[in-house]
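Every heavy atom of this structure was used, including side-chain atoms; hydrogens, water molecules and symmetry mates were not.
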Amino acid sequence: MRPAETPVKLYELPSDSVLQDVLRGLQQPQKELPARWFYDEVGSRLFEQICELDEYYLTRTEMAIMQARVAEMVALLGRGCLLIEYGSGSSKKTRLLLDHLPEPVAYVAIDISREHLLQATAALSAAYPGLEVLPLWADYTHSVTLPPTKRPPTRRVAYFPGSTVGNFYPPEVVAFLQRVAAQVGPGGGLLIGVDLKKDPAILRRAYNDRAGVTAAFNLNMLAHLNRALGANFQLEQFEHRALYNQEHGRIEMRLVARAGQTVHLDGRAIPFHAGEEILTEVSYKYSLADFAELAAEGGFQVGQVWTDEEQLFSVQYLEAI
């Protein structure tokens with residue numbers, strides 16, 4: 001599929017910046033890698049498979065909420081808005097909004113996986129020929145500059161579906177929301193998915209699926225670093241582990257070294273002892289009250305909250321103050 005024939009500003013982190021990011025994480029006492037490096041083309045495809053798993057309640061629950069309440073959501077987004085999506089992926093949920101939004105000015109899709117982004121936006125351009133689709137290849141955990149639109153919007157609304165906000169530590173959530181608030185401006189909005197606190201057994205099943213897709217997704221991060229940075233991680237020497245940290249209210253995904261070994265990266269030797277772990281992802285689960293506090297610190301007030309009957313997941317509309 002050809003990339004979308006639309007104006008596009010592509011942002012790429014300098015390779016040495018990526019390298020320093022990785023080296024810094026691997027040289028900490030608790031080795032850690034940023035979750036955003038899951039999403040090369042292979043990782044993006046694996047995540048799409050995760051979303052279809054029986055154990056992974058998040059995607060189908062969020063989609064059911066949106067299908068039931070989309071009319072209320074688009075009424076809040078309003079006519080003539082610029083829709084900005086962070087971590088757009090396949091943009092499946094976005095289509096539900098676009099099918100109902102009255103006269104959106106444009107859609108900006110922001111994602112770190114370049115090929116996946118261009119394929120998804122090409123498909124959207126074909127499906128919505130009257131819509132200006134602007135793919136923005138960027139790391140949205142940093143400030144980004146939006147590409148210009150052909151028509152001025154009446155307002156800006158950001159979209160951040162899934163449970164991705166849970167991958168940030170709470171201070172990072174506040175910093176992210178502050179950047180979004182500045183981008184949409186006073187009176188702008190943010191439609192966001194927030195996973196809720198629940199029975200830990202449900203969470204453990206969701207991140208340890210029987211088919212091993214989540215394990216493959218986790219291990220692909222090391223394969224991504226091998227491909228992108230010339231590292232020599234041996235994937236068979238690491239195993240996936242996901243557990244629920246009750247104290248912090250979060251899932252923690254880790255890669256555990258099966259044996260003592262040394263990984264080489266940029267001429268540096270990084271030793272691992274048997275059983276040593278790399279923290280690859282945290283996924284915080286929130287109460288509605290806890291997330292409302294973070295939203296306030298980030299420059300938003302909660303305008304509307306929609307949940308499923310079991311209170312597993314929430315979609316929230318936040319208004320920039």
Side-chain angles (χ1 to χ4, degrees), residues 1-12 36 38-53 56 58-60 62-71 73-140 144-162 164 183-184 189-193 217 315:
M1 186 176 292
R2 295 181 60 195
E5 297 294 335
T6 56
V8 56
K9 264 191 173 180
L10 293 180
Y11 290 78
E12 182 179 14
R36 59 185 173 275
F38 282 129
Y39 297 101
D40 64 346
E41 188 175 1
V42 176
S44 295
R45 287 201 304 269
L46 285 168
F47 184 71
E48 293 299 323
Q49 294 176 35
I50 288 171
C51 292
E52 301 297 324
L53 294 170
Y56 197 76
L58 294 96
T59 303
R60 64 174 175 271
E62 181 180 27
M63 183 60 82
I65 293 169
M66 293 192 65
Q67 288 170 336
R69 302 302 186 103
V70 66
M73 294 175 187
V74 297
L76 290 168
L77 271 58
R79 184 177 300 275
C81 78
L82 169 62
L83 185 63
I84 308 155
E85 183 172 4
Y86 298 91
S88 53
S90 65
S91 301
K92 287 181 180 177
K93 297 166 194 162
T94 317
R95 288 174 180 251
L96 186 60
L97 293 177
L98 293 176
D99 285 343
H100 293 83
L101 265 175
E103 301 177 19
V105 163
Y107 167 61
V108 178
I110 307 173
D111 204 275
I112 200 167
S113 178
R114 184 181 189 277
E115 293 308 314
H116 201 65
L117 170 69
L118 293 177
Q119 290 171 13
T121 50
L124 275 178
S125 289
Y128 301 90
L131 177 69
E132 186 179 14
V133 177
L134 300 167
L136 181 59
W137 180 31
D139 176 4
Y140 61 76
V144 297
T145 302
L146 297 180
T149 58
K150 293 176 181 176
R151 294 184 292 141
T154 56
R155 63 201 297 266
R156 294 179 174 187
V157 179
Y159 183 39
F160 198 40
T164 311
Q183 200 152 63
V184 300
L190 169 61
L191 188 66
I192 186 170
F217 174 71
V315 178

| request: Among Leu83, Leu136, Val144, find the one that has a side-chain contact (heavy atoms from CB on, under 4.5 Å) with Val108. | output: Leu136

| query | Would you say Thr59 and Lys93 make side-chain contact, with heavy atoms under 4.5 Å? | reply | yes

| query | What distance separates Leu134 CG from Leu82 CG, expressed to the nearest 0.5 Å? | reply | 8.0 Å

| said: Side chains of Val184 and Val157, heavy atoms from C-beta outward: is any pair under 4.5 Å? | reply: no

| request: State the OH-CG distance between Tyr159 and Leu98, to the nearest 0.5 angstrom. | output: 9.5 Å

| query | If we only count heavy atoms from C-beta on, is the Leu124 to Leu131 side-chain gap below 4.5 Å? | reply | no

| Shortest non-hydrogen contact from Thr121 toward Ala109 | CG2-CB, 3.7 Å

| So, do Met73 and Ile65 sit near enough that their side-chain heavy atoms are less than 4.5 Å apart? | yes

| query | Which distance, rounded to the nearest 0.5 Å, do you find between the CD of Gln67 and the CD of Glu62? | reply | 11.0 Å

| Side-chain (Arg60) to main-chain (Glu52) donor-acceptor, under 3.5 angstrom | no

| Spacing of CG belonging to Leu96 relative to OG belonging to Ser91, to within rounding of 0.5 Å | 12.5 Å

| Side chains of Asp111 and Glu85 in contact at under 4.5 Å (non-hydrogen atoms) | no

| query | Between Leu191 and Leu97, is a side chain to side chain contact (heavy atoms under 4.5 Å, CB included) present by the stated rule, with each step listed? | reply | CA-CA 11 Å; Leu191 188 66; Leu97 293 177; 4.0 Å; yes

| Min side-chain heavy-atom separation Arg151-Glu132 under 4.5 Å | no

| query | Under 30°, 30 to 60°, or over 60°: which ring-plane class applies to Phe217 and Phe38, parallel, tilted or perpendicular? | reply | parallel

| query | Strictly by modelled atom types, are Tyr86 and Thr164 linked by a side-chain donor-acceptor pair under 3.5 Å? | reply | no

| task | Locate the shortest heavy-atom distance separating Gly189 from Arg155; write the atom from each residue and the value. | result | N-NH2, 4.0 Å

| query | How long is the span from the CD atom in Glu41 to the CD atom in Gln119, to the nearest 0.5 Å? | reply | 5.5 Å

| task | Take Met66 and Val315 through the side chain to side chain contact (heavy atoms under 4.5 Å, CB included) test and state the conclusion after the steps. | result | CA-CA 8 Å; Met66 293 192 65; Val315 178; 4.3 Å; yes

| task | Examine distances only and state if a side-chain atom of Ser125 and a backbone atom of Val133 form a donor-acceptor pair shorter than 3.5 Å. | result | no

| field | Contact summary for Pro152 and Val105, nearest pair of heavy atoms | value | O-CG2, 3.8 Å

| query | What distance do Leu76 atom CG and Arg69 atom CZ have between them, rounded to the nearest 0.5 Å? | reply | 12.0 Å

| field | Backbone of Ile112 reached by a side-chain donor or acceptor of Trp137 within 3.5 Å | value | yes

| message | Any heavy-atom pair between the side chains of Tyr128 and Pro104 that's under 4.5 Å? | response | no

| So, do Ser88 and Thr94 sit near enough that their side-chain heavy atoms are less than 4.5 Å apart? | no

